[in-house]
A.B. asks: 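Starting off with a structure, shown below.
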Amino acid sequence: MNAIILTAIWGVIMMFGGVFFKKNTTPKYWAIAGIVIIIVANIFEFFGHQIFHVDTKGMLRFDAFSLHFNTIVFICTLLFFLLSGRDFEKIGIHVSEYFSLIFFVLCGVSIVSSFNTLLLLFLGIEILSIPLYILTGSDKRNLKSNEASLKYFLMGAFSTGLMLMGIALIYGGNSLGSFYIDAINLGTGHLPVLIAAGLVLLLVAMSFKVSAAPFHFWVPDVYDGAPTVVTAFMSTIVKVAGFIAFIHLFQYSFGAMQSQWQTLVVIIIAATLLIGNVTAVFQQSVKRMLAYSSIAQAGFMMFALFALNDTAREGILLYAAAYSLASIGLFSVIAKMSDYSIAGFNGLGKSQPTLALTCTIFLLSLTGIPLTAGFTAKFYMLMAAVKDGHQIWLVIFAVICAAISAVYYFRVIQAIYFKEPTPEINAQMPITPAFRWIHIIIAGLIILLGILPGLVIDWIYY
Amino acid sequence: MEIKWYLFLSIALFCIGMIGALTRRNSIIVFMCIELMLNSVNLLLIAFSKMHMATVNAFGTSMATSAQIFVFFIMIVAAAEVTVGLAIIVMMYRNTHSIDINFLNRLKN
Amino acid sequence: MLGTYFTFPELLLWIPFVTGLIAIFIKDAKSVKAFALFSSLATLLVSVISLCYTDVAHHPEYVDYNNVSYVWMPYIGSSFSVGLDGMGHLLTFLTAFSFPVIFAATYKSEFKNANAFYALMLLSQAGLMGVFIAMDALLFYFFWELALIPVYFLCSRWGGEKRIAATFKFFVYTFVGSLLMLVGIIYVYLHTPSFSQDSAHSFYIAAFYKAVLDPGQQSWLFWLFFIAFAIKMPIFPFHTWQPNSYEQAPYPAVMVMSGVMVKMGVFAMIRWLIPVFPAAAAKFDHVVIILAIIGIIYASCIAIVQDDLKRMVAWASIAHLGLMGAAIFAGNFTSLQGTMLAMLNHGFNILALWIIVDIINKTTGIRKISELGGLAQKSPMLSIFFLVIALANIGLPLTNSFVSEFLMLTGLFHFNKWYAAFACMGVILSAVYMLNMMKNVFYGKMNSLTENASAMSNLQKMVLTVLVIFILVLGIYPSLVLHLTEGTVSNILAHISVK
Amino acid sequence: MDAIQFIYLVPLLPLVGFLINGLGRKTLSKSLIGLIGSGVIFLSFCISVLIFIAVSKEGFTTQDIQYFDFINVGKLNIPFEFQVDQLTSLFLLIITGVGFLIHVYSTSYMKEETQSGYGRYFSYLNLFVFSMLLLVLGGNYLIMFMGWEGVGLCSYLLIGFWFKEQENNNAAKKAFVMNRIGDVGFLLGIFWLISSFGTISYHDLYNSSNGIITSISAINSPAIVAITLLLFVGACGKSAQIPLYTWLPDAMAGPTPVSALIHAATMVTAGIYMIARSNILYSLAPTTLDVIAVIGTLTAIVAATIAIKQNDIKKVLAYSTVSQLGYMFLGLGVGAYSAAVFHVMTHAFFKALLFLGAGSVIHAMGGEQDITKMGGLGKKMRVTYITFFIACIAISGIPPFSGFFSKDEILSAAYASNPLLYYIGLGGALLTAFYMFRLLALTFAGKFRGTEDQLHHVHESNATITIPLVILAVLAAVGGLVGIPEVFVKNGNKLNDFLSPVFAHSAQIIASQEVPHQTEIILMIVSVILIITTSVWAWKKYKEYQPGTGEESVFGKAIKNKFYVDEVYDRIIVKPLNALSRLLDNVIDKKGIDGIVNGVGRGVNYGSRQLRLLQSGQVGSYILLMVIGMLLLFIIQLFTK
Amino acid sequence: MGITQILFWFLTILALVAAIGVISSKNPIYSVLWLIVVFFAISGHYILMNAQFLAIVNIIVYAGAIMVLFLFVIMLMNLNAEAEPVKNVYMKMAGIISGLTLMIVLVAALSHSDVQNTIIRPGTSIGLIKNLGKALFNQYVVPFEISSVLFLSAMIGAIMLGKKDPVKKISL
């Protein structure tokens, strides 16, 4: 609850800050201060010290898992602010408002990680999405940004419609007439047809949010068109929040009858892995490539939904951290570049050796090479899936797709180290020592989680 | 009336809205179609709320209430969405003098 | 004593790892070279000392020096367990020995960004060591991949013209294999008994050996593991990455790859494949052996017509590893002992061969066999070295490979006479291509290109002499190695027969 | 017994010589190199003599000396061991004795080599002797195989001694590879032995009291036939029998003393030794013996036929060796093991003599080897001429020279076994007489047919060359007397008696068929008369030879071109192998397997290009695709159960 | 057929016809008007089901506010029938077919649901404002507050996107 309230409050503070802040650079520091406070408050709540005592009537449920997830997300956001805070200034003049919207998104994130009724799921998802529609279009005079924003908005609204229809059907189908997600849980019996239809609609709507195929079509265009710094935020933090909501919902409401809808998840996973990985291979723009790669990674994260066991819950947290850290790091570099194509990375190994090394670590992590968090995350996902015991072929298919993913991630690595730099492009990237150090910290975190995943996982059982 | 007629009606409205969203290129009309879809959901929810009228929750209120409140929230959200959506459409119109959803087509492949 | 604070496997792993990290920061090319050489010599020293601490049968306290296990990820039953058994000793020694040899032999070569180069070399050594000492499946997988990454960078950064594509192919190939293996590891893991209260299953090697898998499960799991290992070795038809990447890789990297890395596959088959899936191994032994033998003949034939020295050696290596693959699956004491010996021998021989190819290439600037000739007049010493090494490759008696080939073929013959007969074709064909090379490169008349060939450096002479001495000593007294690995082999055979 | 304790010195000394000469080839002086090279062999020879004396003593039993565990894996234990018996000691004498003479001869013959070449030469020579000694001393098949491959290697090195000429290298390679083919057979034989009996020590296998073989009474059991045949394949390679004989004539590319060494003392006799050593095994496999006899006979006649048309002095001798080896195998094939060994010995003498004599001639002619360009050399090179003449008589089998006795013993044994073999063998003997005297006549008789320069150059060789010739001539003349047939002198066949312990057990297995003494004498007389007639005819025919006479018949041409065997081999083995290799490399591998691998990559790329077209950039189509996906999910969820 | 049924069918047909009118009108303004008709029809249904409060809200918020907003925007842009270019016929067909298929699939599937024949009768006080207001500010106070965040962000967005910034060149 601390997080929800504080993020909302800080969003309001930032909103008013837009009026009072004289310099464009000030909001960044306020935002960093805010997120630090929120992290601290959240950790406090994790250890049982609530600041705000609110009776939610059971509509929100703060367990160790959701609070822990919040902490991870906020820490990622902090790192994101530290790395890319200045890039908001490039979008336009409303820097403070951008931050304010980000905080509202974070409010949505904290809601979807702990919702207990479909109503709050719906509200959370909307709070998460609406600021993002705006942020996507925040580069107002950029037609790509306009286009992305419109596409995102229309499709997002459409998926909201699907989701609401699903909720309505589920409401009608369960005899209790309840929106509480644990009340929907019907045990292992046969799925009533109304609930089955509602489930499919919810699955589709949530798949849309987490960019699983074939509901992923908005992703490449929106990620590509949005200002890079916004892309970094929404492709990482918002997306993993979507996953948490997804899993939360399906585990509590439909977990017991998983066998009746697992096939759908299998189809979605297979399609997502295939489309994400294969399409990414041909992309020339790193930004767009990362968009496809985020689809591909979503395929892996969907395994948590496929398996729905403890390992999957552990894995999704790890995956959230690993994927977010690496992507934030990469996007922060792209945000500094004038050329998003792979050629933009040419010779980075020579001009920016430290950055090159950290980027390589990020890419290796995304590929899933051991000693990086990406590996442990994938490992947990695969383990969860194998533990589930069904559809081993899907796991094998997934690892083959992971191998395909090496193709496009390594194209960037090849550009960094084995290609000669093109002098005119990206000659003077504004790289500060602080930026470098934060990169190193992120890389360090990735490796740390690669060696000791327990650092993240153990807290679930605190 | 049997509940099924409401169900079919709202499905019909939902699908008509969907067909509109699929076939029209005017972004405002597409948006209106989506609103139509939301309204069909509202109708369905209220129909179901009547069905669950007898069930009472832990707080002593009828389960029908929760659905009606839900509809209320849907309306809130729809209003917010409309604000943002129209702002986006207007912004695009300012830049391109078009509200055709296919007019801007820089992002593809 | 030492065992209280540090065990040998740890030292073997951490020395190259830490020095590798340090090496990045030594900007001066000469110093980093010397540093790398000394680091590798230190590792070698540790390895040699560890060899003295092997007699576990008579000195049980030696277990403390050679095995250690730390808590790592207790909640999933994985631990940092490393240990040295006979086979581990053998292969860590090979690794420890190879690197100083490589550094010394290429001491004259200049590499751009020397610090990165030598750092990656040392890191690859650490990865390789890790593979050979890991007693935990997850740890094994970690090192299995980690050994690959530095080599990938080495080859892609310092290789030939088409290096990026060739090396990447190599990378993807092995990556696919290892990911498949990962699925297999997870599956087996979920069928292991518990080894601690913290988790229901364990990655510990003994747990893997005890995993309860019915033959049906073993059948498909076997292939998941097998493909990974077969790609690494490589066994026909998973070999196509090798000639290209060897052709493109810089010499030190290619020495690491063919001298040590390919042994990872052989090693892993013996340690992680056959004892874990004995039923499947028994079921598919014919398939694998036939593939391996096709590989022997196929690769030997292709080696005959190669014009590029590097490609020729690459194909020769595939042929030799084919024999090892067949011998492993013959699965008797003789063939396994032969394979053990062969791993070491092949390491020495191919290393020496690459050193010579490197010298030829560096001094003449060409690699085409057809353009070379008459080097024996220019550099008789080199030709003598090559002769011995070529003979060792052919498997002539009194050289090391003879014993290993003899044992492997004996074992194979015991398994099936026809297989041995076909595998022997490789013995004939190897003579053809090695002598072809001898004839066309060293014999004959000098030409304008080879006239300028300069002599070897003293360091190279020394290294080659050491290698030749090893070749001969092991050829005359192979018991040195056979005694070392006896225990391992009987353990593995016991596992196969028990299950 | 003392000498036998030092038996390890016999091979060790040449090895030491090899090392010293090899390492010091640049620093040591030529004379020192020669001295060391010959000296070590001489010392070995002395020890061999002592061993021979020790072995010939009454009550000697086979000695098995183990040094260390060579290979010890599980149940398979192969020690590094030597075995000494009569056969071994005889071979030791031949190898070191004849080898020593060749060394001495070489010190002078190779004088013109460069310093390092000289050193290299002697080190190889020493290594050669070492390998051969290892071969005969080995106490099990593996040690034998080590020597076996070792001689192959040395022949490779020496044939390609003048490595600047690629022809020599090709010959060397051919020799090695052909040997290798045989060796693989040998190796498989060893494997089979191991898998059947678990051991390959002669001691364990053949020991008269508790040998494993002895306990198996089944004659012609498939395993034994297979083992013996496989081992025989090895022998074919090493001893140049059909079909693996073509390397030997090509091996003439090396220096002439090397040919002497290969043909007389070492290498080619290895096959005979091996079969003689495994006589018990072979006696248990009569089928194999028949095969050996047939192949031996065939080789004898074919090689002899080819020899009559050859013009290269060394080629003639080479084919004669092949032919003589055929006789030896014939002897082995009909179970006359000691006769074969006897022929090995006499052959060593006269063939060494022939080659060394040929070397002397070539030396004198300044490297010329074509006998049609020689003639009349007898006047200028008396010693060479006489010794060569003696050798010719000996090889042709004219009594009382050595060749007569040994060949006669083989032929009579062949007659006892199957008269047909005898007749063919006799035909071969006649051919032998013919080509040897043709050679003699063309070289030494008539007018000189070379250039003026050569005529001036021709001279008798110096003492270091002639003395070995003389010694060998004496041996060739009288060497046969150790094996005088029973027909002439009771217990005259000393060699047979000496070797009898080795073959005793075989004699029990094979019921020996004795030819009646009268028949034997008649056969002998007939053959001698025929041989002498042929010899005289050949001498007459070629005494006044003038080149360029007449057309060759088809058959003659075929003979001259060695029945086109090399060409056939080239056509059916070498070329197809090369073509196959290229096919494998360029088509199967690059296009096939790698093509599939690359195809997967291209497929992914293609898929990528196609799939991204789904991303049309139009919201309408995105929603449409979403709806279709949703429909699919609905159908699956709601309508499939 | 009682009055309720007659009203039901009337409103249903009205809603469907108007909905089709929404998606088939060339002129956006007609679409808006048709949509308002739909809303009225739906509100009628609400009243039939005794959800008076929502019926009123629906009229006020949707028909009154939101649709007016739409009209404003359309008029602001001065759009008329020709403004919309012709869409690809195949896409149209595909859209219609898939939409209809979805409808058929859903109807076919849901007509087997076990609650379908529950009769809905008018006559409770649940839908009254008093009742709902109590629930909203007791049980649903948290979502209610949370929805304010939604509005805030929407507001910021509308302002930010609508405000005229110092001129920056349009980047393509």
Side-chain angles (χ1 to χ4, degrees), chain A residues 147 150-155 157-159 162 165-166 190-191 193-201 203-205 207-208 212-222 224-225 260-261 263-268 271 274-283 288 291-292 400-401 403-404 407-408, chain D residues 71 73-74 191 576-641:
Chain A
E147 181 188 348
L150 183 69
K151 281 179 175 171
Y152 192 13
F153 169 73
L154 286 178
M155 297 180 74
F158 182 79
S159 86
L162 297 183
M165 192 62 175
H190 185 70
L191 215 50
V193 69
L194 276 173
I195 293 207
L199 183 145
V200 173
L201 283 164
L203 188 71
V204 170
S207 296
F208 173 86
F215 314 105
H216 67 283
F217 292 100
W218 60 280
V219 175
D221 293 1
V222 172
D224 196 4
Q260 296 181 51
W261 47 269
T263 324
L264 303 185
V265 180
V266 169
I267 292 168
I268 291 177
L274 184 74
I275 290 178
N277 283 301
V278 171
T279 321
V281 169
F282 204 73
Q283 298 303 320
R288 207 170 165 79
Y292 281 108
I400 289 169
C401 286
I404 295 176
V407 176
Y408 50 86
Chain D
I71 290 175
V73 283
F191 297 150
L577 182 68
N578 267 325
L580 175 74
S581 302
R582 268 175 227 290
L583 178 84
L584 288 178
D585 185 21
N586 294 327
V587 181
I588 309 273
D589 200 64
K590 291 208 178 104
K591 301 234 167 66
I593 298 173
D594 208 24
I596 292 169
V597 175
N598 291 336
V600 171
R602 267 198 293 275
V604 169
N605 248 326
Y606 178 79
S608 182
R609 253 174 302 168
Q610 298 305 312
L611 267 181
R612 91 203 152 106
L613 295 182
L614 276 182
Q615 206 72 34
S616 59
Q618 300 186 349
V619 180
S621 67
Y622 291 174
I623 297 180
L624 179 66
L625 287 168
M626 271 176 72
V627 170
I628 290 171
M630 187 167 71
L631 254 175
L632 201 74
L633 294 187
F634 264 124
I635 291 167
I636 289 168
Q637 179 67 30
L638 300 176
F639 295 105
T640 59
K641 271 291 163 291

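As the structure is a computational prediction, the values presented were derived from the model and not from experiment. Proteins come first, then strands; the chains are lettered A, B, ... in the order of their sequence lines, and each starts at number 1.
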A.B. asks: When rounded to the nearest 0.5 angstrom, what distance separates CD1 in D:Ile636 from OG1 in A:Thr263?
C.D. replies: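 It is 8.0 Å, given to the nearest 0.5 Å.
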A.B. asks: Under a 4.5 Å heavy-atom cutoff, which of A:Ile268, A:Leu274, A:Leu264 has the most pairs with chain D?
C.D. replies: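 So the answer, after comparing A:Ile268, A:Leu274, A:Leu264, is A:Leu264.
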A.B. asks: What are the two closest heavy atoms between D:Gly617 and A:Asp221, and how far apart are they?
C.D. replies: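 Closest heavy-atom pair between D:Gly617 and A:Asp221: CA-OD2, 3.7 Å.
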A.B. asks: Using heavy-atom distances under 4.5 Å, tell me whether A:Leu162 contacts chain D through its side chain, its backbone, both, or neither.
C.D. replies: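 A:Leu162 touches chain D through side-chain heavy atoms alone.
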A.B. asks: Let me confirm one number: the CH2-CE distance from A:Trp218 to D:Met626, rounded to the nearest 0.5 Å.
C.D. replies: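 It is 10.0 Å, given to the nearest 0.5 Å.
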A.B. asks: Which bit of A:Phe215 comes within less than 4.5 Å of chain D, counting heavy atoms only: side chain, backbone, both or neither?
C.D. replies: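 Both backbone and side chain of A:Phe215 come within 4.5 Å of chain D.
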A.B. asks: Can you tell me which portion of A:Val204 sits under 4.5 Å from chain D's heavy atoms? Options are side chain, backbone, both or neither.
C.D. replies: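 Answer is side chain: those atoms of A:Val204 sit under 4.5 Å from chain D.
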A.B. asks: As an exercise, state the distance from OH of A:Tyr292 to CG of D:Leu611, rounded to the nearest 0.5 Å.
C.D. replies: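 Rounded to the nearest 0.5 Å, the OH-CG separation comes to 9.0 Å.
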A.B. asks: Just by distance, do the side chain of D:Ser608 and the backbone of A:Val278 share a donor-acceptor pair under 3.5 Å?
C.D. replies: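 Yes, because the side chain of D:Ser608 sits within donor-acceptor range (under 3.5 Å) of the backbone of A:Val278.
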A.B. asks: Rounded at 0.5 Å granularity, tell me how far OG in A:Ser159 sits from CE in D:Met630.
C.D. replies: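 CE of D:Met630 is found 10.5 Å from OG of A:Ser159.
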A.B. asks: Just how far is it from atom CZ of D:Arg612 to atom CD1 of A:Ile275, taken to the nearest 0.5 Å?
C.D. replies: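 Nearest 0.5 Å value for the CZ-CD1 distance: 15.0 Å.
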A.B. asks: Tell me, for D:Val600 versus chain A, whether the close heavy atoms (under 4.5 Å) come from the side chain, the backbone, both or neither.
C.D. replies: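 Contact with chain A: none, neither part.
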A.B. asks: Got a second to check how far D:Gln610's CD is from A:Phe282's CZ, nearest 0.5 Å?
C.D. replies: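 Going from the CD atom of D:Gln610 to the CZ atom of A:Phe282 covers 9.5 Å.
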A.B. asks: Would you indicate whether the side-chain heavy atoms of D:Val627 and A:Phe158 approach each other to under 4.5 Å?
C.D. replies: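 Counting from C-beta outward, A:Phe158 and D:Val627 do come under 4.5 Å.
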A.B. asks: Under the criterion side-chain contact (heavy atoms from CB on, under 4.5 Å), which of D:Leu631, D:Leu633, D:Leu638, D:Leu632 is the partner of A:Val200?
C.D. replies: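 Answer to the side-chain contact (heavy atoms from CB on, under 4.5 Å) test with A:Val200 among D:Leu631, D:Leu633, D:Leu638, D:Leu632: D:Leu633.
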A.B. asks: Can you tell me which portion of D:Ile628 sits under 4.5 Å from chain A's heavy atoms? Options are side chain, backbone, both or neither.
C.D. replies: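 For D:Ile628, no heavy atom lies under 4.5 Å from chain A.
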A.B. asks: So which heavy atom on D:Gly629 is nearest to which on A:Pro214, and how close?
C.D. replies: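 The answer is CA-CG, 3.8 Å.
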A.B. asks: Could you tell me whether the side chain of D:Gln637 and the main chain of A:Gln260 form a donor-acceptor pair under 3.5 Å?
C.D. replies: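 The answer is yes, because a donor-acceptor pair under 3.5 Å joins these two groups.
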A.B. asks: When only pairs under 4.5 Å are counted, which of A:Leu201, A:Leu154, A:Leu150 shares the most heavy-atom pairs with chain D?
C.D. replies: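 Option with the greatest count: A:Leu201.
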